[in-house]
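Take a look at the structure set out below.
In listed order, ligands and their atoms are each counted from 1. All of these numbers come straight from a predicted model, not from anything done at the bench.
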Amino acid sequence: MRWERDVPLAPLVRYRIGGPAARLARPQSMAELAAALRETSGRGCRVLGTGANLLIGDSGVPEPVLILEGDFGTIQVGATTIEAGAAARLPALAQAARRNGRAGFHFLEAVPGTLGGGLRMNAGSRDEGLWDRVEWADAVTPEGELVRIRPEVAQPAYRRVGVPADWVFVRARLEATPGEYDAVRDAHLSFRERKVRDQVYDLPSVGSTWKNPGSPHPPAWEIVDSVEMRGARVGNARIHERHANFIVNLGGARAADVIGLMAETRRRALARLGVTLEPEIQLWGVEPAQLALVGAV
Ligand SMILES: Cc1cc2nc3c(=O)[nH]c(=O)nc-3n(C[C@H](O)[C@H](O)[C@H](O)COP(=O)(O)OP(=O)(O)OC[C@H]3O[C@@H](n4cnc5c(N)ncnc54)[C@H](O)[C@@H]3O)c2cc1C
């Protein structure tokens, strides 16, 4: 494994936005991951999946960045489980469940990203998250210790999980009970159809910008709409007309454009509605003052 320097990150993330990584490595195995963590200990390593939930700052990321590849990409379907490496793609997991008639994975249809990113974000729908299917997940600590984590310890919640931010997920076993084949397929296809119709797949985005604030507040898209930000544009970033919780890159957008839209939306939501919006997206390589403007600190 070798470290590359000044690696452009925009082509590696879904948003196609952001500056370079000062250092980037692609561990192919547990041994290479352990070596990378040893070499970077104490320097706040970052793990990148496909950047489907990530805004990279325009100046790039000073911390070392790791992308898991090779051995981490496997998917094995067992009698009542699906076991996969952290680099396995969520759409491939959804497809494995669908093709093998395993119930309970329809909510992963059309969710881009990797299993590792999905575990970190507890990816899913409003009602269900990936951790609802986890039997265990293995993670490596910055000191190189392999820890098996069960859901009762991880205490997953809406778009978060109680696992230290610097632990690297490497593998997980998901409970995948056989269901009735046609019913499983129909659940997947109808979920996918609804999601692709209602959300945005034809322009680069990173999905929902804001977490839903929860009862008694309306969903985030409705808040963005009611503070008259739907369709707003800064530079080459725009709040989408169809789904007001998506900010899209119209081509050549900068992180500063996205942050400008987020800051104004958050300011209006607080001033007009008394609602504090919290970002669902992760931001890397962004100045603390700007993080504060969007509520990411
Ligand atoms: C069109 C669209 C639709 C979407 N729909 C949904 C949806 O319905 N539900 C939903 O929940 N999300 C949705 N998202 C967001 C995104 O798909 C998920 O958050 C996904 O889990 C991100 O995975 P990733 O691998 O790309 O993670 P990244 O964006 O690369 O990283 C996200 C976070 O996970 C961490 N991470 C990545 N890999 C690891 C690892 N191996 N170990 C530890 N931490 C890791 C990163 O460090 C970062 O903090 C959508 C995004 C798009 C663009």
(request) Return yes if a side-chain donor-acceptor contact under 3.5 Å exists between Glu83 and Gln76, otherwise no. (result)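 Not at all, the side chains of Glu83 and Gln76 share no donor-acceptor pair under 3.5 Å.
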
(message) Ignoring hydrogens and geometry beyond distance, is a side-chain donor-acceptor pair present between Glu63 and Trp284 at under 3.5 Å?
(response) no

(message) Any heavy atom of Arg14 closer to ligand 1 than 4.0 angstrom?
(response)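 Contact present.
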
(request) Could you establish whether Phe107 and ligand 1 come within less than 4.0 Å of each other, counting only heavy atoms on the residue side? (result)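 Heavy atoms of Phe107 never come under 4.0 Å of ligand 1.
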
Shortest protein contact, [atom] (heavy atom only):
atom                    : value
atom 47 (O) of ligand 1 : Val47 O, 2.7 Å
atom 34 (O) of ligand 1 : Arg120 CG, 3.3 Å
atom 26 (O) of ligand 1 : Thr50 OG1, 2.7 Å
atom 45 (C) of ligand 1 : Gly116 O, 3.9 Å

(message) For the CZ atom of Arg26 and the CD atom of Glu69, what is their distance to the nearest 0.5 Å?
(response)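 Rounded to the nearest 0.5 Å, the CZ-CD separation comes out at 5.0 Å.
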
(request) Would you check if the side chain of Arg233 reaches a backbone N or O of Gly235 as a donor-acceptor pair within less than 3.5 Å? (result) yes

(request) Record the part of Val170 in heavy-atom contact with ligand 1 below 4.0 Å; permitted values are side chain, backbone, both and neither. (result)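 Neither; no heavy atom under 4.0 Å.
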
(message) Residue-level breakdown please: for Arg46 versus ligand 1, do any non-hydrogen atoms fall below 4.0 Å on the side chain, on the backbone, on both, or on neither?
(response)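 It is neither part, as no heavy atom is under 4.0 Å.
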
Out of [options], who is nearest to [atom] when you count heavy atoms only?
atom                    : options                       : result
atom 29 (O) of ligand 1 : Val200, Val111, Asn53, Val168 : Asn53
atom 18 (C) of ligand 1 : Gly207, Gly117, Pro112        : Pro112
atom 48 (C) of ligand 1 : Phe246, Trp284, Phe169        : Trp284

(message) Tell me which pairs pass ring-ring contact (aromatic ring centres under 6.0 Å, His included) where either residue lies in residues 161-197, with sequence neighbours left out.
(response)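 Residue pairs passing ring-ring contact (aromatic ring centres under 6.0 Å, His included), neighbours aside: His106-Phe191.
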
(message) Can you pull out every ring-ring contact (aromatic ring centres under 6.0 Å, His included) where at least one residue sits in residues 124-163? Sequence neighbours excluded, please.
(response) none

(message) Under 3.5 Å between any N/O of Gly49 and any N/O of ligand 1: does that happen in this structure?
(response) yes

(message) So, applying side chain to side chain contact (heavy atoms under 4.5 Å, CB included) with Thr81, which one of Glu135, Arg102, Arg133 is it?
(response)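 When Glu135, Arg102, Arg133 are each tested with Thr81, the side chain to side chain contact (heavy atoms under 4.5 Å, CB included) holds only for Glu135.
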
